[in-house]
Structures are given as structure tokens and as C-alpha cells.
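Written below as C-alpha cells is the structure these notes are about.
By convention here, the first residue in the shown sequence is residue 1.
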Amino acid sequence: MHETSRLNGEVALVTGASRGIGAAIAARLGAEGARVIGTATTAEGAARIGEALAANGGRGAVLDVASQSSIDMLIADIEAREGSVGILCNNAGITRDTLLLRMKQDDWDAVMQTNLASVYRLSKAVLRGMMKARRGRIISIASVVGLIGNAGQANYAAAKAGMIGFSKSLAREVGSRAITVNVVAPGFIDTDMTRALGEEQRAALGAQIPLGRLGEPADVAAAVAFLASPEASYITGETLHVNGGMHMA
């Protein structure tokens, strides 16, 4: 059982919440009492999120994390309807995997805008409300790939590593206002993306993980819920590795 009152009264924004890790994070924060606004890039995705979150008073919303005007409109809407965002979880991300020699400028730019520049834009957008409230939680979802690298993912790895450096710097800027800024770095998680791999590839991945299995989206959601909670009020600028021991930082 989750502690259903741990996040009571909190307004949480979770990007990329229509499936996989993002959906699990949104559901967990809602189950712990937060009013969750989960975002997707399409109206259909937002409607699915709304259905999933309705029982706990949450809702879905359409957001293009690469667009400043889209972010501004959503933050204004949340502030008018729910109040200031107290918990931001930057989860939205894309991949454009290919070896660097074949990587087009668009492949680089799209991943940087969606995976890294969005963290800058969204963090900045919620910060005024958090500074005024003198409390807040910013949690960004990176990846083990940002720490160990992966052939064919130079753009993705660079964005995820950049997220960690950004979070450490921001943590130093806003710590005096009781705002914490942390990162969760998942390893290989059992999602649509990893299910698309062949059995042989999945077995090879499992062999690299001391715990002998892929993680579940709920494993990542539990880490986010902890960092969002009052119990984590003295943790900032940290990266919590949720990878089954695949990489021990």
C-alpha cells in the first residue's frame, strides 16, 4: 500500500505521461495524493491520461515540450485551475538513434530540444511559483546511457548527461528556497521500447544486470515519489540510479 496522504495538496506536472515510465509516475503521484496533470503530444494521448488519472482528481493536457508558447499556455492554465506547480517531473523524451557518421543535424537538434532544452524551459516556467511558495520539487528522468554511453545514441546520451549537469547547477541556485532538484536515471526498463527487442537481445541485457531482470516502470515511479515527498527534503543535486546494479556510480 502507498501512503495516500504523503503528497496531499500538491500540484504535480508530469510530461510524457501517456505510457510506460511517465504513466507509472503520474499514477503513483496521484495515488499518493497529488493532483497530477499529465501531458502528451496529442489530444488522444491527453484523453487517455485523463481517464487514468480521473479517480485521483488528475487530468491530461496537450503539450509540446519543445515549444515555449505551448509551455507558457499550459502553466497559465494550471495556475488558473489548480494553482502553482509544486512538483515537476521532466519525463518527456524521444530517440533518434544512429551512428554519428550518419546522424543528421535534425536528429541531433530534435533530441536536444525535446530531451534537454525542455528541462530548461519547464524548470524555468515553474520556478517563479516555487520561489514564491519557498518550496518545490524538480525531478528529471535521465538514463543510464547518459552515464555509460551507448553506440548509436550520442545525441540521446549527451542530452541525458546534460540533464544531470543542469540539475546540479539549478540545485545550487534554488536550495535556499527549499526547492530540491534531482535526477532519476533508469537502466533498462520493461516498456514498449524494450519489448520491441528480440528475446536474444533481452536476454543479453538481463545478463548485464546483477539483479538479473529488466526494471518495471513502477520501480522508477517509486524513486520519483520518494524524491517528491517530504522525506526527501534534504536531498538535492543528486542522481538516483534505478538500474538493478547495471551501473554503480
Side-chain angles (χ1 to χ4, degrees), residues 7 10-83 85-97 106-107 109-123 125-126 139-143 155-156 159-160 163 184 186 188-197 214-221 224-225 228:
L7 300 178
E10 296 288 352
V11 175
L13 173 58
V14 180
T15 64
S18 62
R19 59 196 173 98
I21 290 170
I25 291 168
R28 178 66 185 262
L29 296 182
E32 298 213 10
R35 290 187 70 184
V36 180
I37 297 90
T39 77
T41 55
T42 65
E44 293 80 11
R48 278 202 313 276
I49 294 166
E51 287 167 20
L53 298 178
N56 291 310
R59 64 182 173 102
V62 177
L63 176 67
D64 175 3
V65 298
S67 162
Q68 186 65 55
S69 61
S70 181
I71 290 169
D72 291 343
M73 282 173 60
L74 177 62
I75 297 300
D77 179 57
I78 293 170
E79 289 180 347
R81 292 172 63 176
E82 284 93 5
V85 173
I87 300 166
L88 168 65
C89 182
N90 291 303
N91 172 70
I94 59 169
T95 55
R96 293 279 182 88
D97 297 352
D106 283 354
D107 296 328
D109 291 344
V111 168
M112 286 298 159
Q113 284 300 317
T114 300
N115 297 17
L116 182 57
S118 65
V119 176
Y120 150 73
R121 291 192 192 98
L122 280 152
S123 299
V126 301
I139 303 156
S140 298
I141 309 302
S143 169
N155 48 2
Y156 184 79
K160 294 301 189 180
M163 195 184 276
V184 174
F188 287 102
I189 306 298
D190 190 11
T191 62
D192 294 345
M193 205 183 290
T194 50
R195 279 184 215 121
L197 300 172
L214 271 62
E216 298 290 335
D219 296 322
V220 182
V224 173

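In this structure, L63 CG and L74 CG are separated by 5.5 Å, a value rounded to the nearest 0.5 Å. From I49, atom CD1 reaches atom CD1 of I37 across 11.5 Å, with rounding to the nearest 0.5 Å. The OG1 atom of T39 lies 11.0 Å from the CZ atom of R59; values are rounded to the nearest 0.5 Å. Rounded to the nearest 0.5 angstrom, D107 CG and M112 CE are separated by 11.5 Å.
In this structure, L122 and I71 have side chains that are in contact, with non-hydrogen atoms separated by less than 4.5 Å. In this structure, T41 and D64 have side chains that are not in contact, with every pair of non-hydrogen atoms separated by 4.5 Å or more. Using a 4.5 Å cut-off on side-chain heavy atoms (C-beta onward), I189 and D219 make no contact. Proximity of I75 to L13: side-chain heavy atoms (C-beta onward) are separated by under 4.5 Å at one or more points. Contact of the N90 side chain with the S118 side chain is not registered, since no non-hydrogen atoms from C-beta on lie closer than 4.5 Å.
Contact between P217 and G20 at its shortest, heavy atoms only, is CB-O, 3.9 Å. Here the closest non-hydrogen pair linking S140 and V119 is OG-CG1, 3.7 Å. Residues V85 and I87 approach most closely at CG1-O, 3.2 Å, considering heavy atoms. Contact detail for A159 and N115: the closest heavy-atom pair is CB-CB, 3.8 Å. Here the closest non-hydrogen pair linking I139 and A228 is CD1-N, 3.7 Å. Heavy atoms only, all atoms of each residue included: G45 and A40 are closest at C-CB, 3.6 Å.
When each of T191, N91, V184 is paired with V220, the side-chain contact (heavy atoms from CB on, under 4.5 Å) condition holds for V184 and for no other.
A salt bridge between R48 and E44 is absent, with no side-chain N of the basic residue lying under 4.0 Å from a carboxylate O of the acidic one.
Side-chain N/O atoms of D109 and Q113 include no donor and acceptor closer than 3.5 Å.
Within 6.0 Å of CE in M73 there are 12 or fewer heavy atoms belonging to other residues, nucleotides or ligands.
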task = Evaluate the criterion side-chain contact (heavy atoms from CB on, under 4.5 Å) for residue pair V36 and R28; output intermediate values, then yes/no.
result = CA-CA 10 Å; V36 180; R28 178 66 185 262; over 6 Å; no
Stepwise side-chain contact (heavy atoms from CB on, under 4.5 Å) test for N155 and R96 = CA-CA 8 Å; N155 48 2; R96 293 279 182 88; 3.9 Å; yes
